[in-house]
Amino acid sequence: MPELPEVETIVNGLRASLIGREIADVTICWEGVIAKGRGHSSPSADWLRQRIRGQRILDIKRRGKYIVFALSGGDSLIFHLKMTGRLLVRLSTAEMDRYVRMVFHLDDSQQLRFADMRKLGRVYLVDDAEAIVGTLGPEPLADDFKLEDFAQILRRRSGRIKPLLLNQRFIAGVGNIYANEILFAAGIHPLRKADTLAPAEVEALYHAIQRVLRQAIAQRGTTFDGAYRDAWGERGQHQESLKVFQREGKPCPRCGTPIARITLGGRGTYFCPRCQK
DNA sequence: CTAAAATCCTGGTGGC
DNA sequence: TGCCACCAGGATTTTA
């Protein structure tokens, strides 16, 4: 389940190999990988192939959990990996990976392969990236993510804090693993209402978001159930550092109380009933 | 406004 | 050993 730290790690790997390359051709192994447009028809495989061939990769950036390629023709090629998606850079002679849905043939004997066991991930080719990523909330690791702005948004929210952390319009890039870990690091109970957090709690949450995400990036992300891989197919290391996620019944690393699990918004929610108030 | 449920998917798991 | 129901969850859409 690639979240911000995993996507950041993947993008850094992609940049190292793909900037400046031309997309010579595309093979679409499963047409459903192409995202549907708003309401009506989704672009066809033929349309996408004709449009993308010959365009050069100028830049690759992360926005939330999206991966955005800026192409020389002015288009943006955008990926969302959802649960099990992988973007893999391979030599074209390398054995094909499992569950590959789309292959980008590059001008230097490399391939970019989009693999996705569960078929939830999608590819977009658009002339304006904002049409896809424009509704996302602030980037929590950007310089312009300020405590005062964060506090003001929280004050206007009456819902529970954990589903709010997962809302991409509120903050971009936090998923279920890190929402659990962030709330533990901040000592805040997942059922707390956002507008009841005291100023000191808001500040603790603000710093926990950045600290937890930065540490996970330093460890190249979390590989759980073997799902996430970086651009070379390698695992992350942060699963060794998880404090509460999928640790129901195991002792809290701070106080020893067994970690509790509830379902909240349909998601597994893990916390220490003693440390998180 | 919040919140829950349904939707898309398939490998792994637990029950019988 | 085999079959099957069910679970996991990111984001969107629908329903209450």
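Throughout, a chain's letter reflects where its sequence line sits, starting with A, and its residues are numbered from 1.
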Reckon A/H80 has a side-chain N or O less than 4.0 Å from the OP1 or OP2 of C/dA11? yes
Could you state the CG-P distance from A/L166 to C/dG10, rounded to the nearest angstrom? 7 Å
Can you pull the contact range of chain A along DNA chain B, 5' to 3', using atoms under 4.0 angstrom from its heavy atoms? B/dT2 to B/dG11
Would you check if the distance from the ring center of A/F245 to the ring center of A/Y178 is below 6.0 Å? no
A/R160 or A/R267, whichever maps to the more 5' nucleotide of DNA chain B: A/R160
cation_pi(A/R254, A/F184) dist<6.0 Å, angle<=45: yes
Which pairs pass salt bridge (Lys or Arg N to Asp or Glu O under 4.0 Å) with one or both residues in residues 132-145 of chain A, sequence neighbours excluded? A/R62-A/E139, A/R63-A/E139
Quickly work out the A/E248 CD to C/dC7 P distance and round it to whole Å. 15 Å
Aromatic plane relationship, A/F150 with A/F170 - under 30° parallel, 30 to 60° tilted, over 60° perpendicular: tilted
What is the distance, rounded to the nearest whole Å, between atom NZ of A/K119 and atom C1' of C/dA8? 18 Å
Counting any heavy atom closer than 4.0 Å, what does A/R169 reach on the DNA or RNA strands: base, sugar-phosphate only, or nothing? nothing
Indicate, with a heavy-atom threshold strictly under 4.0 Å, whether A/K82 touches base, sugar-phosphate, or nothing. base
Do you know which of A/I78, A/L18, A/D59 makes side-chain contact (heavy atoms from CB on, under 4.5 Å) with A/F69? A/L18
Between C/dC7 atom P and A/R261 atom CZ, what is the distance in whole Å? 10 Å
Just to be sure I understand the rule, does A/R122 reach a base, reach only the sugar-phosphate, or reach nothing, if contact means heavy atoms closer than 4.0 Å? sugar-phosphate
A/F79 and A/F104 aromatic centres sub-6.0 Å: yes
From C/dA8, C/dA11, C/dG10, pick the nucleotide closest to the side chain of A/R118? C/dA8
Using a heavy-atom cut-off of under 4.0 Å over every strand shown, decide if A/M117 touches base, sugar-phosphate, or nothing. sugar-phosphate
What is the separation between atom CD on A/Q246 and atom C1' on C/dG9, rounded to the nearest whole Å? 11 Å
With heavy atoms under 4.0 Å as the rule, sort A/G32 into base, sugar-phosphate or nothing. nothing
Salt bridge (Lys or Arg N to Asp or Glu O under 4.0 Å) contacts touching residues 67-84 of chain A (sequence neighbours left out): A/R51-A/D75
Distance in angstrom units between A/L136 CG and C/dG10 P, rounded: 15 Å
Euclidean distance, atom CZ of residue A/F79 to atom C1' of C/dA11 [Å, nearest integer]: 18 Å
Round to the nearest Å and state the distance from A/R63 atom CZ to C/dA11 atom C1'. 15 Å
